Amino acid sequence: MNHLLIAPVVLPAIVAPFIIMVLRHHLSLQRIFSLACTVALLAITLILAVQAADGTVQVYELGNWPAPFGIVLVLDRLSALMLLLTSGLALAVVLYAIGSGWDARGRHFHALLQFQLMGILGAFLTGDAFNLFVFFEVLLIASYGLMIHGGGAKRLQAGVQYVVYNLLGSSLFLLALGTLYAVTGTLNMADLAVRVAELSPDDTALLRVGAVMLLLVFAIKAAVLPLHFWLPASYAYAPLPVAALFAIMTKVGAYAILRMYTLVFGPDVAATAGLVGDWLLPAAMLTLAVGALGVLGSREIGRLVAFGAITSMGTLLIAVALFTPQATAAALYYTVHSTLAAALLFLIADLVIERRGGAIIAQRPMAQTGLIATLFFVGAIAMAGMPPLSGFVGKLLVMDAARDHELVWYIWAVILAGSLITIIGLARAGSEIFWKSHDDSHIREAEPEIADDDTQVPPEEPAPNARALPFVACFALVGSLVLLTIFAGPMMDYTTATAAQLFDPNIYIDAVLRRAEQ
Amino acid sequence: MEILFASAVGVLTAAGIYLILRKRTFPVILGLSLLSYAVNVFLFATGRLMINAPPVLNKYAEVAYTDPLPQALVLTAIVISFGMTAVVVMIALGAYLSAKDDHIDMIEDADGAGDDA
C-alpha cells in the first residue's frame, strides 16, 4: 500500500491540534506552521496527481482490513484532480489571510482552516459512503467556526442559518445512508455498486428513495435551486477569504454527485436510470438563471460574488446532469476554472471592502484603486466566461457537450442569457465601484451603514512588507487561470481520461474489491 | 413492535420538522435534536429489528445475532449530532446576545437582503 495516500488526511489532522494546543498564543508560529502544512499538502497532492495520471486506481485499506469490511481510501484521476485543486486554492487563501491580517481577528483561524482541509481532502479520497458522511461533518464543523470567525451580530445570525441548514442536510444524509444500507447491506461504494446492479427490479422502490434523498443532500451542498438558500447570506457575511475557501465546498457536492451517480447509480443501472439527470438538469438551469439575476440585483459586492458562485454551480451542474463522458470532461474543466475564479473574486471583494465598504455605489477612490480595478476586471472576465480566459473555454466545452441532448436549445439559451446577465451585473458593479469614483458628479455619500459596522472589526494596519501578500495570492490565482487557459488542451486530455475512467466503474470496483486477485 | 417502532420514528420526525419551521432559534434547535433522535432510531432499524440477540457471531453454536454495523453507525451519528447541537447552541447564543434578537431569519435586514437569506 502507498502510505502517501493517507497523508492529505493525516497531515492536517496532526498540524491542527498542534496549532491549537501548543501554538495558541503565537500567531506568527501559527502562520508558519499553517503555511508549511499547506505547502506540504500541495506537494503531496501534486505527487498523487502524477501517480494517478497513468490511470491506475490506488486503494488504501485502513487497518489493512479488506474492502467491504474496512474503510478504504481510493485515489483515481477524479480524486487526484480535486485534491490538487483544493490544496492549491488553500495555499492562496492562507497567503491572503496572513497578508490581510484576517487570521488575527479571532482565534484559531489556522487550526480551523487545517481541519477544514482535512475534511475536504478526506471527502475526496474516501471510498466508503458512511465515511463520506463523517468527512462531510468534519469539514462542516470546521466551516462553522470559520464562517463566524471575527464575530459580529450579522455574521453570527447568518452563521446560525448556515449551521441549521447544514444540520438538516446531515440528518437527511443519515436517512439516505440508512435506507441504502437497509436495501443493500453495505456502505462501501464499490460494494454498493455491485449489489445495486444485482438487485431484482421488483425490490428497488426503497433504493430509488435512497438515491433521491442522497441527491438532495448533495444538492444542498452544491447549492442547487431550490436548496441554495443558505449560500448567499453565508458567503456574503462570512469573512471573504473564508468564502474563497468555501468555493471548493460547493464543488464537494458536485464531486459527490458525480462519484455516486456514475459509480453506484450509474447510467446502466435500470432501477435509477435517468432518474437523476431528469431532475438535476432543470434544477441546474434554474440555478444558473437565478444566480445570474442575483448578480444583477446585488447591492453589495460580497453578495454579488456569492451569486456569481451560484451561477457557476448552475453551469457546472448542467454539464454534470448530462451524464455523458464528453459532458463530464467539460464539467471537470469548468470545476477547476470556476473554483479558482470564484475564489479570486471573493479575495478581490475583500480588498475592496477593506478599503471602502462593500456597497456597490460610487464613492471616493480608494487606495490602490487601479491595481484592484485591473484584478476585478480580470476576475469578472473569468467569472462571466468571456474570452480570453478559461471561463470562455469551459462554457464552450459545456455547450458543445450539450449539442446532442434533446433540450439543447434550452440549455444554450439559459447559458448564453445567463452569461449576458452576469456580464451586465459585473460591469455595472465594476463601473460603480471603480470608474465613477473618479467623477465627482456621480459620487454619492455612502448610505448609513446597515448595522454592518459591528461585524467589521477595524483592521490593524498590517506591516508594510505583509501588504504585498494579498496581491501575491490574487495574482497567483490569476496566473493559474491563465495557465488553465493556455494549457486547456492537456487539461482536457486529462479530464477526458478522467471521464472515461468514471464511466467504466469496473476499473474502480475491481481495484477496491481486489477482484483481479481472486 | 414494527408499528410501534415506525410510529415512533414518524412522530419524532414530524415533531422535529414542525419545530424546525418555527421562527425563533430555540424551537429550531429542539427540532433539530428531535430529528436527529428520529434518524438514530431509524438507523437501528436498517439492520432489521431483533430482540435479545447479541451483535456478535458465536462460533460454538448457531444462535441468532443482530447486525452490529448499524449500532456502530448510530454511535457515530449520536456523537456527531451531540457535538453539532453543542456548536449550534453556542452560535445561536452568541447571535442572540450580540444582536439582542433570536429570530432565525434576520428580519432587521433593512436592505432587503433578508428576502433571499
Side-chain angles (χ1 to χ4, degrees), chain A residues 69 130 133-134 137-138 140-141 144-145 147-148 151-164 166-168 170-175 177-183 185-187 228-234 236-237 290 294 297-300 303 307 359 447-448 450-452 454-455, chain B residues 9 13 16-17 20 25 28-29 31-33 35-48 67 69-70 72-74 76-77 79-81 83-85 87-117:
Chain A
F69 309 108
F130 194 79
F133 164 77
V134 173
E137 295 305 303
V138 171
L140 283 175
I141 206 160
Y144 302 155
M147 150 97 215
I148 56 169
K154 280 285 163 201
R155 186 169 295 152
L156 281 166
Q157 284 187 310
V160 173
Q161 289 181 353
Y162 173 70
V163 176
V164 167
N166 279 298
L167 283 181
L168 265 175
S170 303
S171 298
L172 201 59
F173 201 166
L174 278 175
L175 283 173
L177 289 179
T179 313
L180 287 183
Y181 182 77
V183 178
T186 183
L187 286 170
H228 72 290
F229 291 104
W230 60 273
L231 193 141
S234 323
Y237 287 113
V290 168
S298 299
R299 292 193 221 169
E300 203 270 330
R303 199 170 279 270
F307 275 108
E447 290 171 20
I450 314 145
D452 202 35
D454 55 348
T455 66
Chain B
V9 174
T13 311
I17 288 176
I20 285 168
T25 47
V28 171
I29 293 171
L32 285 172
S33 307
L35 200 62
S36 74
Y37 297 153
V39 170
N40 292 340
V41 175
F42 171 77
L43 277 183
F44 258 116
T46 60
R48 307 294 181 266
D67 190 346
L69 195 75
L73 301 187
V74 169
T76 316
V79 172
I80 290 178
S81 65
M84 290 293 185
T85 309
V87 169
V88 72
V89 165
M90 288 312 292
I91 296 179
L93 258 183
Y96 172 58
L97 292 177
S98 56
K100 303 280 181 276
D101 177 41
D102 70 340
H103 280 86
I104 197 131
D105 53 354
M106 299 172 78
I107 46 173
E108 324 162 274
D109 222 341
D111 60 357
D115 301 344
D116 48 17

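Note on naming: letters A, B, ... go to the chains in the order of the sequence lines (proteins, then strands), and numbering restarts at 1 for each one. Quick caveat: nothing in here was measured; it's all calculated off a predicted structure.
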Heavy-atom pair with the smallest gap, counting every atom of B:Arg48 and A:Ala182: NH2-O, 2.9 Å

Side-chain touch A:Leu187/B:Leu73, heavy atoms, less than 4.5 angstrom: yes

Stepwise side chain to side chain contact (heavy atoms under 4.5 Å, CB included) check, A:Tyr162 with B:Ile91: CA-CA 11 Å; A:Tyr162 173 70; B:Ile91 296 179; over 6 Å; no

Choice from B:Leu43, B:Asn40, B:Leu69 maximising heavy atom contacts with chain A below 4.5 Å: B:Leu69

Contact summary for B:Ala95 and A:Val160, nearest pair of heavy atoms: CB-CG2, 3.9 Å

Exercise: identify the closest heavy-atom pair between B:Pro70 and A:Tyr181: CG-CE2, 3.6 Å

Part of A:Ser234 within contact of chain B (heavy atom distance under 4.5 Å): neither

Greatest number of heavy atom pairs closer than 4.5 Å to chain B - which of A:Val163, A:Val183, A:Val134, A:Leu175: A:Leu175

Distance, nearest 0.5 Å, that separates CG of A:Leu156 from OH of B:Tyr96: 14.5 Å

Contacting region of A:Ala158 [heavy-atom separation from chain B under 4.5 Å]: both

Heavy-atom closest contact (B:Ile104 atom, A:Gln161 atom, distance): O-NE2, 2.8 Å

Heavy-atom contact with chain A under 4.5 Å, split by part of B:Asp102: neither

Point-to-point distance, once rounded to the nearest 0.5 Å, from CZ of A:Phe133 to CD1 of B:Ile80: 4.5 Å

When A:Leu177, A:Leu168, A:Leu172 are compared by non-hydrogen pairs under 4.5 Å with chain B, the top option: A:Leu168

Reported OG1-to-CG distance for the pair B:Thr85 and A:Leu167, which is rounded to 0.5 angstrom: 7.0 Å

Among B:Asp67, B:Ile29, B:Ile17, B:Val28, residue most engaged with chain A (heavy-atom pairs, under 4.5 Å): B:Asp67

Contacting moiety of B:Ile20, where chain A heavy atoms sit under 4.5 Å: side chain

A:Leu174 to B:Ala77 - nearest heavy-atom pair and separation: CD1-CB, 3.7 Å

Side chain to side chain, B:Met84 and A:Asn166, heavy atoms closer than 4.5 Å: no

